[in-house]
Amino acid sequence: MFIGQGRRTMPEQSGKVQTVLGLIEPGQLGRTMTHEHLTMTFECSHVPPAPGDEGLAAAPIEMKHLHWLQQNPYSHSENLLLNQEIEAVKEELLCYRKAGGGSIVENTTTGITRNLPVLRKLAKETGVHIIAGAGYYVDVTHSDETRKMTVEKLTDIIVSEVLHGADGTDIRCGVIGEIGTSWPITESEKKVLRATAHAQTQLGCPVIIHPGRNKAAPGEAIRILQEAGGNISKTVMSHLDRTLFDQQELLEFAKMGSYLEYDLFGTEMLNYPFNLDVDMPSDSQRVQALAFLIREGYEDRILIAHDIHTKHRLTKYGGHGFSHILKNIVPKMLSRGHRSHQIQSISSPDGGSAPRDDLYSPEF
Ligand SMILES: CC(=O)NCCS(=O)(=O)O
């Protein structure tokens with residue numbers, strides 16, 4: 001989350017974390033969820049309900065429908081409008097603070113209704129440090145104007161979102177991403193990836209990538225960034241828990257040097273509707289995947305989060321909320337033999353200089 005010493009960073013930004021309320025010291029971050037959404041829309045990923053489920057898909061969100069929603073989250077149009085839940089999210093953030101949370105990286109980029117004034121308000125009212133994301137989501141959300149832009153123009157926009165503010169506001173982003181890619185990666189997405197690498201070179205800040213829903217997608221996105229001069233050691237590959245399952249393939253990818261993010265904690269669904277070949281893991285299997293990566297020496301490259309992006313995952317609707325990792329997953333990791341120093345070293349995307357003890361403190 002740190003702004004590095006890029007060619008275009010202002011001196012006061014170097015080595016600092018840029019939140020929606022301004023710069024903070026890395027030591028102020030506290031425990032940090034590196035991939036969340038506090039307000040966004042996800043209509044771009046709507047999945048038509050199965051025949052016979054149309055009634056459920058149109059029904060109000062109620063406890064009696066929760067299991068159906070957990071299995072079919074993208075088939076309920078209203079469930080995709082997290083931007084309607086600002087008050088509920090505020091309550092969640094207050095609970096997150098009580099549970100020991102300090103910061104959240106808000107990954108909503110152009111295309112899924114980023115709302116920086118709301119993020120600033122939430123940060124002010126809850127005391128949680130919020131770091132906003134610059135750049136663009138997946139191709140289906142690119143406007144005609146975005147598609148026509150050159151890599152240079154896209155680079156200038158991303159740089160400006162970090163240096164000066166985004167969406168016509170003076171609120172500055174502190175990371176680039178999540179940058180959306182599909183599978184196969186489209187031409188417009190390749191331009192955005194190259195622009196991302198160029199902007200990162202100028203700014204020195206972290207990059208977060210949303211890979212396409214195919215096991216080849218993470219590696220291909222990293223190759224494009226690498227060829228464009230991106231700093232892979234300051235790049236986070238998101239959603240590995242629905243993308244890479246084979247241990248050897250995971251290790252091959254890990255060798256490329258990015259952060260390895262398991263960010264769908266709390267998601268327990270049988271079928272992954274965007275790729276029916278995928279067996280979605282449970283939280284226990286996610287914890288096992290982390291244990292495998294730690295055994296293989298990657299403990300300082302792992303990040304974890306919930307990636308809340310639909311209503312039903314909020315506690316208001318019976319979901320797990322933003323404190324699930326702190327309250328349930330960290331104790332589970334300890335009960336499965338993870339040492340507290342290993343959990344502490346599951347770090348933020350800072351190039352290794354974060355005060356890791358602040359992220360997962362020894363009381364766990
Ligand atoms: C907001 C977002 O992109 N979340 C990831 C959903 S996915 O199904 O894992 O692609």
Side-chain angles (χ1 to χ4, degrees), residues 33-48 69-77 79-85 89 104-115 119 132-142 175-186 189 192-193 196 207-218 220-221 236-245 260-283 285-286 289 303-314 319-320 322 324:
M33 296 296 130
T34 51
H35 197 125
E36 303 295 347
H37 299 270
L38 303 176
T39 173
M40 66 168 278
T41 58
F42 207 37
E43 297 114 313
C44 62
S45 291
H46 181 259
V47 174
L69 267 172
Q70 284 164 347
Q71 298 301 319
N72 302 277
Y74 307 112
S75 297
H76 189 286
S77 300
N79 193 37
L80 307 179
L81 303 177
L82 188 64
N83 63 339
Q84 295 178 338
E85 299 294 343
V89 167
I104 279 185
V105 184
E106 217 280 358
N107 278 246
T108 306
T109 43
T110 300
I112 46 176
T113 322
R114 180 174 55 195
N115 191 332
L119 297 189
Y136 298 84
Y137 195 59
V138 299
D139 184 292
V140 289
T141 70
H142 292 186
V175 298
I176 305 174
E178 61 183 301
I179 296 299
T181 62
S182 314
W183 188 257
I185 302 177
T186 71
E189 289 168 346
V192 172
L193 281 174
T196 295
V207 160
I208 304 171
I209 300 296
H210 163 108
R213 293 146 177 164
N214 182 287
K215 65 181 186 176
E220 183 63 8
V236 179
M237 186 54 65
S238 310
H239 313 326
L240 286 181
D241 31 359
R242 58 98 165 125
T243 315
L244 274 182
F245 303 97
L260 308 165
E261 193 172 73
Y262 284 72
D263 51 29
L264 293 164
F265 272 98
T267 307
E268 304 263 359
M269 52 162 52
L270 193 57
N271 296 312
Y272 181 55
F274 304 120
N275 181 350
L276 292 176
D277 289 338
V278 164
D279 289 324
M280 275 301 262
S282 65
D283 278 353
Q285 289 167 315
R286 290 184 179 97
L303 298 170
I304 56 178
H306 312 91
D307 186 19
I308 290 185
H309 53 276
T310 49
K311 291 187 184 189
H312 80 289
R313 295 175 66 196
L314 299 175
H320 55 79
F322 290 94
H324 174 55

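When a ligand or atom number is given, it counts from 1 through the structure's own listing order. These numbers come from a predicted model, not from an experiment.
- The shortest contact between atom 9 (O) of ligand 1 and any protein heavy atom is with Arg242 NE, 2.8 Å.
- No side-chain heavy atom of Thr310 sits under 4.5 Å from any side-chain heavy atom of His76.
- Interface atoms of ligand 1 facing His309, defined by a heavy-atom separation under 4.0 Å, are 1 (C), 4 (N), 6 (C).
- When the heavy atoms of Phe42, Tyr137, Tyr272 are ranked by distance to atom 8 (O) of ligand 1, first place goes to Tyr272.
- Applying the side chain to side chain donor-acceptor pair (under 3.5 Å) test between Asn79 and each of Lys311, Arg313, His312 identifies His312 as the sole match.
- The distance from ligand 1 to the heavy atoms of His37 drops below 4.0 Å at these ligand atoms: 1 (C).
- For the pair Arg213 and Phe274, the cation-pi criterion (under 6.0 Å, within 45° of the ring axis) is fulfilled.
- Which parts of ligand 1 touch Arg213 is read off a 4.0 Å heavy-atom cut-off, strictly below it: atoms 7 (S), 8 (O), 10 (O).
- Atom numbering of ligand 1 starts at 1 in the shown order; those under 4.0 Å from a heavy atom of Phe274 are 8 (O).
- Between His309 and His37, the ring-plane angle classifies as perpendicular under the 30° and 60° cut-offs.
- If you number the atoms of ligand 1 from 1 as listed, the ones under 4.0 Å from a heavy atom of His239 come out as 3 (O), 4 (N), 5 (C).
- Below 4.0 Å from some heavy atom of Asp307 lie the following atoms of ligand 1, by number and element: 1 (C), 2 (C), 4 (N), 5 (C).
- Between Tyr137 and His210, the ring center distance clears the sub-6.0 Å criterion.
- Taking 4.5 Å as the limit, every side-chain heavy atom of Met33 sits out of range of all side-chain heavy atoms of Phe322.
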